[in-house]
Amino acid sequence: MCRLNCSAFRMANPVDLSTKTAITPRRDEDFPEWYQQVIRAAELAEPSDVRGCMVIRPWGYGIWENVQRQLDSMFRATGHRNAYFPLFIPLSYFAKEAEHVEGFAKECAVVTHTRLEVDAAGKMKPASPLTEPLVIRPTSETIIGASYAKWVQSYRDLPLLINQWANVVRWEMRPRLFLRTTEFLWQEGHTVHETEGEARAEAKLILDLYERFVRDHLAVPVFSGEKSESERFPGAVQTLSIEAMVQDRRAIQAGTSHFLGQNFARASGIQFQNRAGQQEFAWTTSWGVSARLVGTLLMAHGDDDGLVLPPRIAPTQIVILPVATKEESRPRIMEACDNLALQLRGKYFADLPLEVEVDRRDLGGGVKNWEWIKKGVPVRIEIGPRDLEKNSLVVSRRDQPVKTKGSMSIQEFVAVAPEILNSIQQNLLERAREFREVNTRKIDSKDEFYDFFTPKNSAKPEIHGGFAFAHWNGSREIEEQIKNDLKVTIRVIPLGDSEPGRCIFTGEPSARRVIWAKAY
RNA sequence: CGGGGCGUAGCUUAGCUUGGUAGAGCGCGUGGUUUGGGACCACGAGGUCGGAGGUUCAAAUCCUCUCGCCCCGACCA
C-alpha cells in the first residue's frame, strides 16, 4: 500500500525527498510486495490476463537473453548442442515412467480439441475432439526419450549431449512473477551415456557449470549438493541443485541437474549395443535453469530504489544522460554524449563490447535518472554544459547510494569504464556473500533450530532465519515433521567432506550437516 | 480445491453503514515558466463504479448469482 499517495497524508506531511525510496514498500516493510513493485517499476514484466502467465517486457527479456547467450556458450564449450522438440506430448508417451507421471500429473495442461466452432448462442466452443489428447510439456524427458530411442543404437552414438531452450507449462495454484508461473521459459539439457559413471559425472559437471554461471554472471553465491529423497525430481535417481539465499533470507533453487539412472531409458526404450556386443539400457541425465533466475537476481541484489543489475547480465551497462538545460548548448552536449557512447562501445568487459545507451528523450532530468535507477543500470553518466567546458563527466554507480557521484575526465572514464563495471560486479558478489555468511550458521540443538526459524512477531512475521547447517538422521519423517512445524526444508545435502555428528532432533548418528532453510 | 479479504479512470484510492447515476492524488495530453534533477502554473482527456439478474420513481451504494484478483494452506523450476 502506498501511503505517500494518499492525499490527506500528503497535505499533512509533505514528502521528504531525501529519505523517500523509489520503491514502496521497502524490503523490511513487506518483502513480497516490494518484489512485485520492483518488477513493475523496472518494467521487467507484468501479469497477463491469462492467470498465472506473464508478459515479459524488453528490459526483463533482455536479462533473460543475456542468461541464454552466456549459458549457451558454456554449454557449447562442454560439447552440448541445441535442438528443438515439440511442445505437445502424446498422452501415451507421458504415461511410461510411473513416478514421473505421478509427479507431474496434477499440473498438466491437456489439449483435447483441434477446432473452434460457433455455437447456437454465438460463442466459440471447442469442436472435433482428438483421438489421443496431447499434454503440453511440463518437461520433455518423455518426448525427447522417444527420439533418443531411435538415435541411439551403439555405444558409438554416445554420449548424446543435447539442450533445448523452450517454454514449458505447469499448472500452478499460486503463481508469482518469474518465481512460479504457469508458463515459463527455461533451458533443458538431456544427455545419454554409456555408463553410470559417465552419466553421474555429467550431472555433476552441469551442476558445477551452473554454480559458476550464477556466481560469475549473476554475482550470486550458491550452496550446491544433493536433494533429499522427498525433494527429488520425479523419476530421478539423484537430483543435484544449487541454492541461493535472497534478501529475506529464504533459499531459492536456482538450478537443478538430475542423474536419471536407467529409469527413463527403460521407459522410452533407449538401448544400445555395448562394447561387449550386448543390448543395454543407456544412462541419462537432465538439467535446467529457468527465467526464475531473473527473480533470484532481483531478490539477491535489489534495494529500496529498485533493481540492481550485475554488469555482466545488464541489457544496458552504461546509460548516458545528457543534461541539456539550455537550448543553445543542447547540440554540443548531444554530440559529446554520442561521441562518448561510440568510444565506449569500442571497449570490452568480460570479452564483450560494452552495452551503452544515450537517453535523449525529452524528459525532466530527475525523472530520467530515477527510471534508470529503478531499472538497475550499473553505471549512469551525466554530461552537462559545465562538464563539457572541463571535458569531464559525472559518474554514478548503482551499487552505491543514489546521491553518490564522482567526476572525472571523459578520457579517463573511457579508459576505466571496464574496470568500474568489473568493480561493481565483484562488489555485488562480495555483498551477497557477506549477507549469506551473516545469515548462515551451524546449529547443534533442536531448541536453537526452532528459535532460529521462528519469527518474533507471529502476526506479521519479520524477516528472520537463514541457512542452518545441522545434523540430521537421514529420515523422511524428521524432514516431514520440521516442514510441518516450521515450513523449513532441507535445501541440499552438501557433497564431499563428511563431518560425523549427531542428529539434533533424534540424537542418532549423522554423517554430515545438511542445509536447512525456508524456501521459495 | 479448503479458509479469509477485495473488485470504482493506466496506478493508488474516497464515496457504500443512513440509495438521488462519481471525487481526489499520481500518471497522461496541450500551452507556458523552469532546469545538475523525481520542478511549477494553467487548461484538458480519461470511469455505463468486475459481470448478470432483482428490489426501487431512483443502485457504485440494498439482495441473489456469477467472474476475477489478493492473502493463508496442500503442490512446485
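Note on naming: letters A, B, ... go to the chains in the order of the sequence lines (proteins, then strands), and numbering restarts at 1 for each one. On a predicted model such as this, the values are computed, not experimentally measured, just so you know.
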5'-to-3' dot-bracket of RNA chain B (Watson-Crick, G-U; under 3.5 angstrom; crossing pairs as [ ]; | other strand): ((((((((.[[[[.)....(..]]]].((((((.....)))))).....[[[[[..)....]]]]])))))))....
Sugar-phosphate, base or nothing in reach of A/Val394, heavy atoms under 4.0 Å: base
Touch class at under 4.0 angstrom, heavy-atom based, for A/Ser329 against every strand present: nothing
Touch class at under 4.0 angstrom, heavy-atom based, for A/Gly288 against every strand present: nothing
No-H, no-angle donor-acceptor pair, A/Glu382 side chain to B/rG37 base, under 3.5 Å: yes
Touch class at under 4.0 angstrom, heavy-atom based, for A/Pro47 against every strand present: nothing
Write down the protein N/O and nucleotide N/O pairs, taken from nucleotides 67-70 of chain B, whose separation is under 3.5 Å; answer none if there are no such pairs.
residue: B/rC70; atom: OP2; partner: A/Arg51; partner atom: NH1; Å: 3.3

Sugar-phosphate, base or nothing in reach of A/Val367, heavy atoms under 4.0 Å: sugar-phosphate
Ring-base stacking, A/Phe184 with B/rA77 (5.5 Å, 30° cut-offs): yes
Sugar-phosphate, base or nothing in reach of A/Ala22, heavy atoms under 4.0 Å: base
Side-chain N or O of A/Lys487 closer than 4.0 Å to phosphate OP1/OP2 of B/rG73: yes
Sugar-phosphate only, base, or nothing, as touched by A/Arg40 at under 4.0 Å among non-hydrogen atoms: sugar-phosphate
Sugar-phosphate only, base, or nothing, as touched by A/Ile252 at under 4.0 Å among non-hydrogen atoms: nothing
Minimum-distance nucleotide to A/Arg170 side chain [options: B/rC76, B/rC11, B/rG73]: B/rC76
Shortest side-chain distance from A/Thr181, nucleotide among B/rG36, B/rA77, B/rG38: B/rA77
Distance in angstrom units between A/Glu46 CD and B/rG10 P, rounded: 13 Å
